[in-house]
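Working notes, structure below.
Order of listing sets the numbers, starting from 1, for every ligand and every atom in it.
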Amino acid sequence: MKNNRVIIFDTTLRDGEQALGSSLSVDQKLRIAQQLARLKVDVIEAGFPVSSPGDFNSVHTIASQIKGPIICGLARTVEKDILSCAKAIKPAERARVHTFIGTSVIHTEKKLRRSQDSILDMVRDSVKLARKHCEEVEFSAEDAGRTGMDYLCRVVETAIKAGASTINIPDTVGYTVPEHFASIIDELFNRVPNIDKAVISVHCHDDLGMSTANSLTAVAHGARQIECTVNGIGERAGNAALEEIVMALKVRKDIFKVTTGVEARELIRTSKLVRDICSMPVQPNKAVVGSNAFAHSSGIHQDGVLKSKKTYEIMTPKAVGLKENRMNLTGRSGSHMVRSRLIALGYNENDVDIAKFYIRFKELADKKGTVYDDDLITLMESRSDADMEDKYILEYINVSSGKGTVPTATVRIAIDGKVYQEAACGDGAVDAATKAIDRVVDFKVNVENFHIEAVTEGREALGRVAITARSPEGLFVGKGTSTDIVEASAMAYMDVINKMARIKMFKRKNGKGKKQGL
Ligand code: KIV
Ligand code: ZN
């Protein structure tokens, strides 16, 4: 019977980490591995143990502590790599050695300077050695996408004969296109006599933006393992993105007819964790996990989604771990959308003359671009933002941080003329500052996005911070600008809090769900 389960092999901690400016600490890698286990990937490639003592330690720690997925380590086809790898992964419930060597002419002649026959010997010997130390061995023919088919077939046959149970076909430089990649997989299935003894895996890079398409095409042609990374991070343009692979297989099960064991509702959480730990931002329009992936902006789309989400959503936000979609209120939003948002904010439909209100909404949207919940409420209350005094005033902030110290912040905040002072420690200066603010103000602020940019040139550049945060009252954006980025962050955070306070006050004054119309 045909196996319809695709193995998801995550290499965020190996190929992904390779592309970062600096290596991750053991603790950072462990936190990502714990989340990958929660995501229920099948294999975690935890690192390249021989590459540094730190990497060895990370792989060993992950192998000792993470239960569930197979823990895999990378090794070149040389003895010291394989022995180091086998030692690092030994404590795992289930371990795998992943050994690789370049097989394209460019790699064999220019990089390795070895004959094809000597490379075949290395493949055979290293897989055999790895099998002596580990039950499960994967072999990768690096740059398979540019390797001649005759030679690739010989390499694959040799690796399987020596005991590899997974054969990985990497498109190392993202050179192939779906039709070409499919033909490589087809030829391997047709020409390698012992191919049925191994799982065929693919590992695609995104240099031409085709890593996901190539990986999925390979599955359609019989591959049953996909190597990928969270948010698609990896060498150069990155690797196939795990979240795209998983959701494409799920949403288009009608075409692929395969399943994965991944818990898709953990995708957003995993993406954010990797983004934050690796300091690798995710582009807003990134498929599945980008901040705009479930946001609707045009009036026509918003109207459609209000009538039936299926008009413009092929998967639900909940399926990937988001609470709900987002409707960006802009000048392009229709009156239907504005009315629906007002009702969600607690206004009574009959109290609102929507036609009149919509004219004022459009004027504001033209000036501001995006209209947030607090803007809508301000407009409803017929007051301009400038008239509104902030309830919470940040009078003083002092933050101490640096190498070898615990970041600590002290803040003084005036509330209705009375001054309160608090201090807190945090993971960094901004974290300490916002925690100290939290101690004074009584708001649950759930930060969804933190964006910082330099708005002027040079070392004394002004830093502008924009924080998007959610609370039971709605979605808020706070902004702060200063030459000190911690101060700018604290100002943006206070801006969010004051906007939340305003809405809370309106709700209390008018009674929730019973507000005055225009
Ligand atoms: O891209 C590649 O070829 C690799 C191998 C080590 C699998 O990362
Ligand atoms: Zn790679």
Side-chain angles (χ1 to χ4, degrees), residues 7-20 23 41-52 55 59 70 72-78 81-82 84-85 88-89 96-108 110-112 119 122-123 126-127 130 136-147 151-152 155-156 159 164-176 181 184-185 188 198-212 214-215 218 223 225-242 244-245 278 280:
I7 297 164
I8 297 296
F9 177 115
D10 179 274
T11 181
T12 307
L13 296 175
R14 200 279 296 167
D15 216 327
E17 201 241 13
Q18 237 164 265
L20 303 180
S23 346
V41 301
D42 299 291
V43 186
I44 295 176
E45 185 163 51
F48 189 2
V50 83
S51 66
S52 72
D55 220 17
V59 178
I70 297 171
C72 175
L74 187 68
R76 287 166 300 180
T77 48
V78 292
D81 284 38
I82 290 169
S84 165
C85 180
I89 58 176
R96 180 186 293 185
V97 171
H98 176 192
T99 186
F100 75 102
I101 191 163
T103 52
S104 63
V105 170
I106 282 186
H107 279 236
T108 53
K110 304 276 186 239
K111 186 178 86 171
L112 303 165
I119 295 225
M122 287 175 81
V123 171
S126 58
V127 172
E136 235 174 271
V137 175
E138 169 170 336
F139 170 76
S140 280
E142 191 191 9
D143 206 16
R146 292 189 298 172
T147 302
Y151 186 57
L152 188 60
V155 170
V156 169
S165 50
T166 301
I167 297 293
N168 186 34
I169 306 299
D171 180 15
T172 303
V173 288
Y175 176 70
T176 66
F181 203 50
I184 296 176
I185 305 296
L188 290 173
V199 171
I200 297 303
S201 165
V202 290
H203 173 117
C204 298
H205 280 267
D206 208 34
D207 300 66
L208 293 175
M210 273 180 272
S211 57
T212 299
N214 286 337
S215 307
Q225 175 176 288
I226 298 184
E227 303 197 354
C228 45
T229 59
V230 175
N231 300 337
I233 64 170
E235 282 286 344
R236 304 179 311 281
N239 290 58
L242 180 147
E244 293 175 14
I245 300 284
C278 299
M280 277 284 256

| For ligand 1, which atoms have a heavy atom of E142 less than 4.0 angstrom away? | 3 (O)

| Donor-acceptor pair, N231 side chain versus I233 backbone, under 3.5 Å? | no

| said: Under 4.0 Å from a heavy atom of H205: which atoms of ligand 1 are those, numbered in the order shown and with their elements? | reply: 1 (O)

| query | Should T172 be counted as touching ligand 1, given the test is an N or O pair under 3.5 Å? | reply | yes

| said: Quick check: of its N, O or S atoms, which one does D15 have closest to the Zn ion (ligand 2)? | reply: OD2

| Part of R14 within contact of ligand 1 (heavy atoms, under 4.0 Å) | side chain

| task | State, to 0.1 Å, how close T172 and R236 come at their nearest heavy-atom pair, and which atoms those are. | result | O-NH2, 2.7 Å

| Nearest protein heavy atom to atom 7 (C) of ligand 1, by residue and atom, and its distance? | S140 OG, 3.6 Å

| note | Numbered in order shown, the ligand 1 atoms found under 4.0 Å of a heavy atom of H203 are 1 (O), 2 (C), 4 (C), 7 (C), 8 (O)

| remark: Heavy-atom closest pair (A159 atom, V127 atom, distance to 0.1 Å) is O-CG1, 3.7 Å

| request: Answer with side chain, backbone, both or neither: which part of D15 has a heavy atom less than 4.0 angstrom from an atom of ligand 1? | output: side chain

| Quick one: are I70 and F9 in side-chain contact, heavy atoms under 4.5 Å? | no

| said: Between S201 and N168, do the side chains contain a donor N or O and an acceptor N or O under 3.5 Å apart? | reply: yes

| request: Using atom types as modelled and distance alone, determine if a side-chain donor or acceptor of T11 lies under 3.5 Å from a backbone N or O of C228. | output: no

| field | 4.0 Å heavy-atom contact, E235 with ligand 1 | value | no

| Shortest non-hydrogen contact from P170 toward E142 | CG-CA, 4.1 Å

